[in-house]
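Numbering of ligands and ligand atoms starts at 1, following listing order. Just so you know, these numbers use all the heavy atoms, side chains as well, and skip hydrogens, waters and symmetry mates. As the structure is a computational prediction, the values presented were derived from the model and not from experiment.
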Amino acid sequence: MDSSTPADVVLVLNAGSSSLKFAMYASAGARATEAVCRGQIEGIGTTPRMSAKAADSSMLPVPGRAATLNDSRAALVLLAEWLNETFAGARIVGVGHRVVHGGLDHDSPVVVTPAILDELRKLEPLAPLHQPYNLGAIDAVAQRLPGVPQVACFDTSFHRGQPAVAELVPLPAELRKGGLQRYGFHGLSYEYIATVLPDIAPAVASGRVIIAHLGSGASLCALREGRSVDSSLGFTALDGLCMGTRPGALDPGVVLYLFQGLGMSAQEVETVLYKRSGLLGISGISNDMRDLLASDAASARLAIDYFVYRAAREIGSLAAVLGGLDAIVFTAGIGEHSAVVRRRICEASAWLGLQLDLAANDAHATCISSPTSKVSAWMIPTNEELMIARHTGRLLGLVGASQ
Ligand code: ADP
């Protein structure tokens, strides 16, 4: 441990099916808003690779054995060993987790107990791509660091309290009893943006804002006075925008057709909906927007066209919910890094009074709309890990991480 490494740290984990993202924050100290280190292990189960950065953004050496990992459990063990070696002497005093689904009961993060864990496991079928892995990480930490408190931060919490019509799934009441309603996701990202917006864009922060979280998973959130009033994701993380491997909004009759017309099993339909559709399904090339932008193939162009079309269509829909629009914020992988996709979505939304500043957009500036634009546009990098660290620090009563 070098002299700049704090003694007590909060570890943040975002465990997915093929990736493990992590960040470590000082639990006390003036610079608790900056991670001591952050990184990820990607491609778990296929071609695993690990990368990690120090607070000053310099790359940290990672072990060669990361390339031989074969499951998410092994990735967690490797991460624990690497943290021990790299930050020997640092003491993990709390672990904060991204947990995708909090169900009906959790409108804020919670300290994990065995009873809460049991309850969260029941939600696994609603988020099969995420929830089992999020909870698996909690189990693994409990085994390795018994006694260290853990906090679950939910992607659904920020959306609780939406109007009844926004949460409704219009099926018979008896089917809705067990929690069949719209939840919304990416809440930690939206919460972070809502937290920083008053400083970055004070003139619009309390107005009508749409945040476009465009990553591998993608959704929109409509905010009024900083609170979520609707979102394009609903009961599961399949609705709304076209995503890397998920289709977004789909006529439910299509799902019936997969079952009845094509005779697919539930497992096969789940795989189609979560892993084979969206950008990957349309293009047949890749789920990665960078690959599609670099490709000359007509199917890659069609995938991008659909991504933009659907985003613009959903922006119009949420603008109707808000009764007009004051600002739009782009965030996450595509939203932060692709000037082309931002430009195309903004051009398709020009009818709302949105006029882009092309140079600012190309330069990835924070404000990317022209000074005369009726609706302002912003690019703000999200920071879900910091949000989780803050919640964890607050709930565990740690000074610094909660700042
Ligand atoms: P997640 O956290 O859900 O894995 P990210 O927010 O990291 O997703 O976003 C991943 C997406 O961002 C991928 O589709 C990737 O292609 C896209 N992306 C990252 N950098 C760029 C870029 N420079 N141009 C276009 N797309 C990018």
Side-chain angles (χ1 to χ4, degrees), residues 12-23 35 38-46 48-51 53 72 75 97-100 127 129-131 133-134 137 153 155 185-193 211-221 232-233 236-238 240-248 274-275 277-283 285-295 300-301 303-308 310-311 329-346 361-365 368 379-388:
V12 171
L13 294 179
N14 177 355
S17 58
S18 64
S19 72
L20 173 64
K21 296 183 180 169
F22 59 90
R38 60 169 63 235
Q40 55 191 343
I41 302 175
E42 290 173 288
I44 300 169
T46 50
R49 57 207 174 272
M50 177 173 178
S51 60
K53 281 183 184 173
S72 49
H97 296 263
R98 174 188 181 207
V99 176
V100 77
L129 216 58
H130 299 99
Q131 192 89 342
Y133 301 96
N134 304 156
C153 301
D155 262 328
F185 297 90
H186 294 134
L188 292 158
S189 174
Y190 294 132
E191 185 182 11
Y192 174 77
I193 301 291
I211 306 173
H213 176 107
L214 308 179
S216 304
S219 72
L220 302 177
C221 181
S232 64
L233 281 174
T236 66
L238 285 172
L241 304 185
C242 174
M243 299 176 236
T245 58
R246 289 169 261 167
Y274 280 96
K275 298 192 173 158
S277 301
L279 295 177
L280 175 64
I282 302 168
S283 68
I285 292 173
S286 173
N287 64 337
D288 191 311
M289 184 58 92
R290 282 167 293 202
D291 295 340
L292 301 182
L293 289 166
S295 169
R301 276 202 302 279
I304 300 167
D305 288 350
Y306 185 74
F307 185 89
V308 169
R310 193 80 222 183
V329 179
F330 291 92
T331 194
I334 300 169
E336 291 169 26
H337 301 294
S338 178
V340 176
V341 174
R342 284 196 306 258
R343 174 175 58 72
R344 290 191 52 188
I345 292 174
C346 288
N361 184 50
D362 286 345
H364 303 292
I368 55 173
M379 188 289 290
I380 304 178
T382 194
N383 198 340
E384 291 150 298
E385 290 78 20
L386 178 59
M387 214 60 243
I388 295 170

Inset, instruction - At a heavy-atom distance under 4.0 Å, which protein residues reach ligand 1? Sort them by chain and number, would you? - result: K21, G215, S216, G217, N287, D288, M289, R290, L293, A332, G333, I334, H337, S338
Inset, instruction - Would you mind checking if R343 and D362 are paired as a salt bridge, meaning a charged N to carboxylate O distance below 4.0 Å? - result: no
Legend entry - Side-chain H-bond candidate by donor/acceptor type, H213 with S189, under 3.5 Å: yes
Legend entry - K275: partners by side chain to side chain contact (heavy atoms under 4.5 Å, CB included), with sequence neighbours left out: L129, T271
Legend entry - H364 side chain to R342 side chain, donor-acceptor N/O pair below 3.5 angstrom: yes
Legend entry - Polar side chain donor-acceptor pair, T331 to E336, under 3.5 angstrom: yes
Inset, instruction - Output yes when K21 and E385 qualify as a salt bridge under the 4.0 Å nitrogen-oxygen rule, no when they do not. - result: no
